[in-house]
Amino acid sequence: MNRFSAIIALAIGCPMVGQADVLEQFSLQSPDQTYEFRFTQEADARQARQMYYEVKYLGKTVVEKSALGVIVENQYFENALGVPNDNAKVWGENLSYIGQDTTSVDEVWTPPYGENATIRNRYNVLTLKFKKGEGNAKASDLGGYNKERTYFMNLEVRAYNEGIAFRYHFPLATNGLFVHITGEQTQFSMPAGTRAYYEKWAQGPYSLLPLENWAGECERPLTMSLPDDTYVCLAEAGVVDFVRTKFELDTTKQHTLHASMYDCADIITPYNCPWRVVMAVSEPKDLMCREELLLNLNEPCRQEDISYIKPGKVIRACQLNQKAVLEYIDFAARKGLQYVHLDAGWYGPEWDKASDATQPSPQRDLDMKAICQYARQKGIGVWVYVNQRALVNQLDAMLPVYKEWGLAGIKFGFVQIGNQHWTTWLHEAVAKCARYQLMVDIHDEYRPTGVSRTYPHLMTQEGVGGNEEFPEADHNVTLAFTRMVAGPADYTPCYYSRKIKTTHAHQLALPVVLYSPIQFLYWYDNPADCKDEAENALWAEVPTSWDESLPLAGEIGKYAAIARRSGEKWYVGVLNGKEARTLTLPTTFLDKKQKYRVTRYEGNKNLNTRTNVQITTMNKFKGGKNLEMNLEESGGAVFVIEKL
């Protein structure tokens, strides 16, 4: 027996007991045997073959028997090329199993920034190969054109210790056909009683709902609470030139979701569809810091020189005149920030296609070369906002200009997403920015799928109901277990705005809990708003990239606590929801033989100060001792821990 005998069970043409319609069955386990993916192909009363799967976590079924497959409508192409039509009711029902491959991978790679200094990429692989049609062609045939109705499709499954991922791969077609994909059969059948953290759009609010009576689609990633107190998160990875997929209630089966494609997709073989991802955890806290699975499902970095990629903190210049921008640069230098951002309007009305993003608006006295030069002298980089209207019309013209000015990065604004054209355009635009060593931040509805592993200069993105909308504390806490599973979010914490619906201590903790290598701080604030409160020192020193990140505790919508290390210094961030609570956090990540100094930033509504943030210091704190805290409603806390 080979080394895969323990992880892959294979039974070809051997029906399960009591299931005479099973044609093929396979099983793949994760390296630690936490997860198991079970596959079957079964024949119905019409003898039509359909693929199914289920997922087990710690021996419990977390995704019940669910359909697999894609929906292809290729009659037009078949007619055009003289290929006999496929008359199957569903394209995927006539696939015939022709073989399988197995392998395993265990590697470690080093990202230029992240929640951890290194990432382990360890998984087992099962690739199931299928053929459609009656021709004799093989997937490896590269001879002349033929008119056989022959297609090939593989199901590639990866089992990680962190979750299950699968995707559809179309090997090279031997008959020259394109593939017109109109939908997926992919289902996610959940145990009865499952509830989902439903979110209709990427910047929308969350509602905890049963899997019934939804209004349209639900965003991804989608976190769900199972009746046995297990939590499952569904996500997608590697969406580079395909359509966006959300989740929709299946009308044919209770407690079931299906993958809902934004639109059709036209592909040329060979082609990899995006990954469908299933993660399960026993405690909500273990959903935090899970973006690395999505990163691992993408291609490695394609850039040789990444020296220009530098994480950091940003303040937005709300006043777009030369004098004010220089004052923002001075403020950034004083407050430990690394960048200043010129937002919408610097080159003219962003909605007007006539606005020229290769130069400042004639109505503004901005000298971009002088601004960048002054910023460099202060150790500050400059970002600019550009609406997609200008990006589409002027990208190739603006990039060399921005390089000449000395800009550090571009924030893409109001990008179109969803269909295949705009998905492809967007990532091609990101790739072009790398040629001019410009970092990128994508705003509005774009959500990450791990593509930053391939294009690490794509630093962050919005795709979040951020602080500019002034959400309440329970929304912010929910994000730690939902949106943040997909990757960094440009959340735009505020500090001095009177419109915030949380405490200032809660705002102070946001950059620690909600990860982003580019953190926009003081979003609605001007330099004059700051009165040099002592707690500003925290945002001046807090990193935006980490050597180690450890979830400590949390309940979705109630509180979230995480510990992050940079060098030898630890930062513990805590966000609280709308109810006051007493919380005890372990510090098992500290050396029990070491004494530490702990600086605490906490809310205290009894303080007679503008921000009600109390700073205290504990000397000779022993490693391993618990951190005790009383959190206010909508409060938060940060603990900075360093060796004595």
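None of the values given here were measured: they were computed from a predicted structure. Note that the numbering runs from 1 along the sequence shown for the chain.
Contact check on Glu217 versus Lys200 returns no salt bridge, with no Lys/Arg side-chain nitrogen under 4.0 Å from an Asp/Glu carboxylate oxygen. A salt bridge links Arg220 and Glu236; the closest N-O separation between the charged side-chain nitrogens and carboxylate oxygens is under 4.0 Å. Of the charged side-chain nitrogens involved, none lies within less than 4.0 Å of a carboxylate oxygen, so that Glu633 and Lys578 do not count as a salt-bridged pair. A salt bridge is defined here as a Lys NZ or Arg NE, NH1 or NH2 lying under 4.0 Å from an Asp or Glu carboxylate O, and Lys60 with Asp228 meets this definition. Using a 4.0 Å cut-off between a side-chain N of Lys or Arg and a carboxylate O of Asp or Glu, Arg290 and Glu292 do not qualify as a salt bridge. Residues Arg276 and Glu184 are paired through a salt bridge, judged by an N-O separation under 4.0 Å between the basic side chain and the carboxylate.
Shown here for Pro221 and Ala486, the closest heavy-atom pair between the two residues is CD-CB, 3.6 Å. Here the shortest heavy-atom pairing between Val63 and Thr61 reads O-CG2, 3.4 Å. Annotation for Pro456 and Tyr113: closest pair O-OH, 2.5 Å, computed over non-hydrogen atoms. In this structure, Gly557 and Asp474 approach most closely via the heavy-atom pair O-CB, 3.5 Å. Closest heavy-atom contact between Leu631 and Asn576: CB-ND2, 3.7 Å. Scanning all heavy atoms of the two residues, the minimum distance from Ala237 to Leu294 falls at CB-CG, 4.0 Å.
For Phe412 and His443, the gap between ring centers reaches or exceeds 6.0 Å. Annotation: Phe247 is in aromatic contact with Phe188 [ring centroid separation under 6.0 Å]. With ring centers used as reference points, His427 lies 6.0 Å or more from Tyr455. Residues Trp539 and Tyr522 bring their aromatic ring centres within 6.0 Å. In this structure, the ring of Phe166 has its center no less than 6.0 angstrom from the ring center of Trp275. The six-membered or imidazole ring of Phe470 lies near that of Tyr524, with a centre-to-centre distance under 6.0 Å.
The cationic atom of Arg158 (NZ for Lys, CZ for Arg) lies less than 6.0 Å from the six-membered ring centre of Tyr123 and within 45° of the ring axis. For the pair Lys56 and Phe37, the cation-pi criterion (under 6.0 Å, within 45° of the ring axis) is not fulfilled. A cation-pi contact, defined as under 6.0 Å to the ring centre and within 45° of the axis, links Arg453 to Trp109.
For the residue pair His169/Glu156, the side-chain donor-acceptor check at 3.5 Å is not satisfied. A side-chain donor from one of Glu199 and Tyr206 sits under 3.5 Å from a side-chain acceptor of the other. Inspection of the Glu535 and Thr611 side chains reveals an N or O donor paired with an N or O acceptor under 3.5 Å.
Between the side chain of Ser30 and the backbone N or O of Asn161 there is no donor-acceptor pair closer than 3.5 Å. A side-chain donor-acceptor contact under 3.5 Å links Glu462 to the backbone of Asp444. No donor-acceptor distance shorter than 3.5 angstrom exists from the side chain of Glu579 to the backbone of Gly577, with no hydrogens or angles considered. In this structure, the side chain of Thr118 does not engage the main chain of Thr110 through any donor-acceptor pair within 3.5 Å. Formation of a donor-acceptor pair under 3.5 Å by the Lys313 side chain with backbone atoms of Val542 is found in this model. Looking only at distances, a side-chain donor or acceptor of Thr194 sits under 3.5 Å from a matching main-chain atom of Pro191. No donor-acceptor distance shorter than 3.5 angstrom exists from the side chain of Thr588 to the backbone of Pro586, with no hydrogens or angles considered. Ser516 places a side-chain N or O within 3.5 Å of a backbone atom of Ile518 that can act as its donor or acceptor partner. Judged purely by atom type and a 3.5 angstrom limit, Ser634 has no side-chain atom pairing as donor or acceptor with the backbone of Ala473. Using a distance-only test at 3.5 Å, with no hydrogens or angles considered, a donor-acceptor pair links the side chain of Asn298 to the main chain of Gly450.
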Can you give the donor-acceptor pairs under 3.5 Å from side chains of residues 560-573 to other protein atoms, not counting sequence neighbours?
residue	atom	partner	partner atom	Å
Arg564	NE	Val512	O	2.6
Arg564	NH1	Glu115	OE1	2.7
Arg564	NH1	Ser549	OG	2.9
Arg564	NH2	Glu115	OE1	3.2
Arg564	NH2	Val513	O	3.1
Arg565	NE	Glu548	OE1	3.0
Arg565	NH1	Gly567	O	2.7
Arg565	NH2	Glu548	OE1	3.4
Lys569	NZ	Glu541	OE1	3.3
Tyr571	OH	Glu541	OE1	2.6

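Taking 4.5 Å as the limit, every side-chain heavy atom of Val477 sits out of range of all side-chain heavy atoms of Ile556. Counting only heavy atoms from C-beta outward, the side chains of Tyr57 and Ser282 approach each other to under 4.5 Å.
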Passes side-chain hydrogen bond (donor to acceptor under 3.5 Å, both in side chains), Asn467 versus Thr492? Steps please. CA-CA 6 Å; Asn467 218 43; Thr492 60; over 6 Å; no

With salt bridge (Lys or Arg N to Asp or Glu O under 4.0 Å) as the criterion, how do Asp106 and Arg120 come out once you've worked through the C-alpha distance, each side chain's angles and the decisive distance to 0.1 Å? CA-CA 7 Å; Asp106 190 359; Arg120 189 175 186 182; 2.7 Å; yes

One pair to check against side-chain hydrogen bond (donor to acceptor under 3.5 Å, both in side chains): Thr454 and Glu299. What are the steps and the verdict? CA-CA 5 Å; Thr454 311; Glu299 296 297 318; over 6 Å; no

Would Gln507 and Thr502 count as a side-chain hydrogen bond (donor to acceptor under 3.5 Å, both in side chains) here? Give the steps. CA-CA 7 Å; Gln507 295 289 318; Thr502 70; 3.0 Å; yes

Glu36 and Arg38: CA distance, side-chain angles, deciding distance, salt bridge (Lys or Arg N to Asp or Glu O under 4.0 Å) verdict: CA-CA 6 Å; Glu36 183 181 8; Arg38 293 186 174 185; 3.2 Å; yes

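Within a 6.0 Å sphere centred on CD of Gln594, heavy atoms belonging to other residues, nucleotides or ligands number more than 12. A 6.0 Å sphere centred on CD of Glu107 holds more than 12 heavy atoms belonging to other residues, nucleotides or ligands. A 6.0 Å sphere centred on CZ of Arg195 holds no more than 12 heavy atoms belonging to other residues, nucleotides or ligands.
Ring geometry, His457 versus Tyr308: the interplanar angle falls from 30° to 60°, so the pair is classed tilted.
Judged as a salt bridge (Lys or Arg N to Asp or Glu O under 4.0 Å), not a single pair has a partner in residues 300-311 (not counting sequence neighbours).
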